S.K.: 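My structure is below; once you've seen it, I'll send some questions.
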Amino acid sequence: MAPRGRKHQTLASSAAASPRPRVLAPAPAMETTTTTTVADLTDFILQAILVRLTPADLLRAALACHRWRRAATLALPRVPPLLGYFFHPKGPSSPPPMPTTDKTHHPAVFLPLDAAAAASPRLSLDLTKGFASTLSIQDVHHGLVLLTPHSRPKSPLLPRILAVDPASRRRVLLSPPPRDALPERGDLWRRERCVIGVAVLARAHPSSLTFDAVWLTVDGDRPRAWVASVRDGTCDSCRVLPRAEGVVVDFDPWWFEARCVHAAGNIYWHICNSSRVLQLDPRTMDLSYMPVPAVLGDRFKKYRVGETPEDGRLCIASIVDDVSLQIWVRGGGGESRWSDRGWWLQREICMTKVLDTVPGLPKDRMMRMLCTWLSDMDYARTGKVFICTWGYGRYSFHLETGKLERLVMKDGKEHGDPIYAYTLAWPPQFLAAPRN
């Protein structure tokens, strides 16, 4: 028994001499660290933590105190949080040689970004089916959706604008300015006026329905902007700006696309078969033409204005000769030594093998050029572009991964053109202008 006792004692002494207490010793220190970490965080560490939060959690953290709000301001994502997409569904069309298109105007729908968003309360325009079928989305910007009657007016009368905030279900109906609001002496109500489209100019704090919207018309051979100001859900004032004398519309105004594109702080209207686009600066309300690369515009390629996904620079994208997808950037050529009307070719992606994966798409080059075109760059700066085909489906293409994805709904309808990204009004005013 004695040897056993000595062995037991030996084991006990060995256990006493073991480093186990040292392993448990840091526990009090951890408790002390936990109680002092939040107060002792440096601004750099706090910002590094906040930048990893989702937009919703970041907004909650910003409400903790003034210091956290300043840190949250520096941690704001560059791109507004994307919630999903609005579009008018479209029935599938038949391919050549006997192409058919679905001319039915389907009410706009909202497609949430992911399954988690689908499980939450769905965003909606909250319109009756009969009323929604008479309206068409013309612009989605700053969390607002602008709708006008589906048929583009062929009269000099400006259409009413229904502005909807889907997040809050608030809405306001904007009536055009009266005829006596024209600023120029002797400026008559022109019968040759042509309504081009409407757009959101600016929005104040998203907690109130306060924003400015614009109608764009061509009066004679000059464009003109008509501005409506909404304050707390009520149309407060309307004003009509003088015609832009420096911009001559020397073509049929119906070549203007009715919808606009917001990019790099300005608003653009594409012109069919043209080497230029119409540009509106929402800060100064100046209208001007912006030339596009000659290799695109002068050859009547279909190009689209947008923003580069990585830094939001103004760019133009186009599928050229069914061979390559080109991205042109405005100004700052970097490594490029030459420019085309102030544009630099930033990147070029071969599309031949990508389009070969589209089921049934003709291999003949001329037929493929006829049946395929670039419809838009994703406004949400996801790195995707949208591609339309004539009878072979609608697709999204990711510039970085090279993934081509079919855009089709459960009932077989395709995503319509255009596809409007719906983002939050960003950043909220209390983060955009932090106080000391």
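Note that the structure is a prediction, hence the values are computed from the model and not measured. What you see below is based on every heavy atom in this structure, not just the backbone, and it leaves out hydrogens, waters and symmetry mates.
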S.K.: Using a 6.0 Å cut-off, check whether atom CZ of Arg160 has over 12 heavy atoms from anything other than its own residue.
M.R.: no

S.K.: Distance-only check: which donor-acceptor pairs under 3.5 Å involve side-chain atoms of residues 353-363, not counting sequence neighbours?
M.R.:
unit_1: Asp356; atom_1: OD1; unit_2: Arg368; atom_2: NH1; d: 3.0
unit_1: Asp356; atom_1: OD1; unit_2: Arg368; atom_2: NH2; d: 2.9
unit_1: Thr357; atom_1: OG1; unit_2: Val354; atom_2: O; d: 2.5

S.K.: Going by side chain to side chain contact (heavy atoms under 4.5 Å, CB included), name the residues that satisfy it together with Val230, two or more places apart in sequence or in a different chain.
M.R.: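 Partners of Val230 under the side chain to side chain contact (heavy atoms under 4.5 Å, CB included) test: Val172, Leu174, Phe211.
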
S.K.: Give a yes or no on whether the backbone of Ser375 and the side-chain of Arg304 come within a donor-acceptor separation of less than 3.5 Å.
M.R.: yes

S.K.: ring-ring contact (aromatic ring centres under 6.0 Å, His included) with His415: which residues, sequence neighbours excluded?
M.R.: Phe87

S.K.: Measuring from Leu374:CG to Phe397:CZ, what's the distance to the nearest 0.5 Å?
M.R.: 10.5 Å

S.K.: Apply side chain to side chain contact (heavy atoms under 4.5 Å, CB included) to Val248 and list each qualifying residue two or more places apart in sequence or on a separate chain.
M.R.: Asp221, Arg222, Asp250

S.K.: Would you confirm whether Arg341, through its side chain, and Val292, through its main-chain N or O, come within 3.5 Å as a donor-acceptor pair?
M.R.: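 Looks like yes, one N/O pair under 3.5 Å.
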
S.K.: In terms of side-chain heavy atoms, does Ser318 have a donor or acceptor partner in Gln326 at a distance below 3.5 Å?
M.R.: no

S.K.: Between the side chain of Tyr268 and the main-chain N/O of Val305, is any donor-acceptor distance below 3.5 Å?
M.R.: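 Such a contact is absent between Tyr268 side chain and Val305 backbone.
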
S.K.: Where the side chain of Arg394 meets the backbone of Glu414, is there a donor-acceptor pair that is under 3.5 Å apart?
M.R.: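 Pair absent, no side-chain N/O of Arg394 close to backbone of Glu414.
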
S.K.: Give a yes or no on whether the backbone of Cys238 and the side-chain of Trp226 come within a donor-acceptor separation of less than 3.5 Å.
M.R.: no

S.K.: Once the angle between the rings of Phe386 and Tyr85 is folded into 0 to 90°, is it parallel (under 30°), tilted (30 to 60°) or perpendicular (over 60°)?
M.R.: perpendicular

S.K.: Is it true that Asp219 and Arg243 have a side-chain N and a carboxylate O under 4.0 angstrom from each other?
M.R.: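 Judged by the 4.0 Å cut-off on N to carboxylate O distance, Asp219 and Arg243 do not form a salt bridge.
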
S.K.: List the residues meeting ring-ring contact (aromatic ring centres under 6.0 Å, His included) with Tyr422, not counting sequence neighbours, and say none if there are none.
M.R.: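 Tyr422: ring-ring contact (aromatic ring centres under 6.0 Å, His included) contacts with Phe86.
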
S.K.: How would you list, by chain and number, every residue that makes a side-chain hydrogen bond (donor to acceptor under 3.5 Å, both in side chains) with His150, sequence neighbours excluded?
M.R.: His105

S.K.: Of all heavy-atom pairs between Val200 and His142, which one has the smallest distance, and what is that distance?
M.R.: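 Closest approach of Val200 to His142, heavy atoms only: CG1-CD2, 4.3 Å.
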
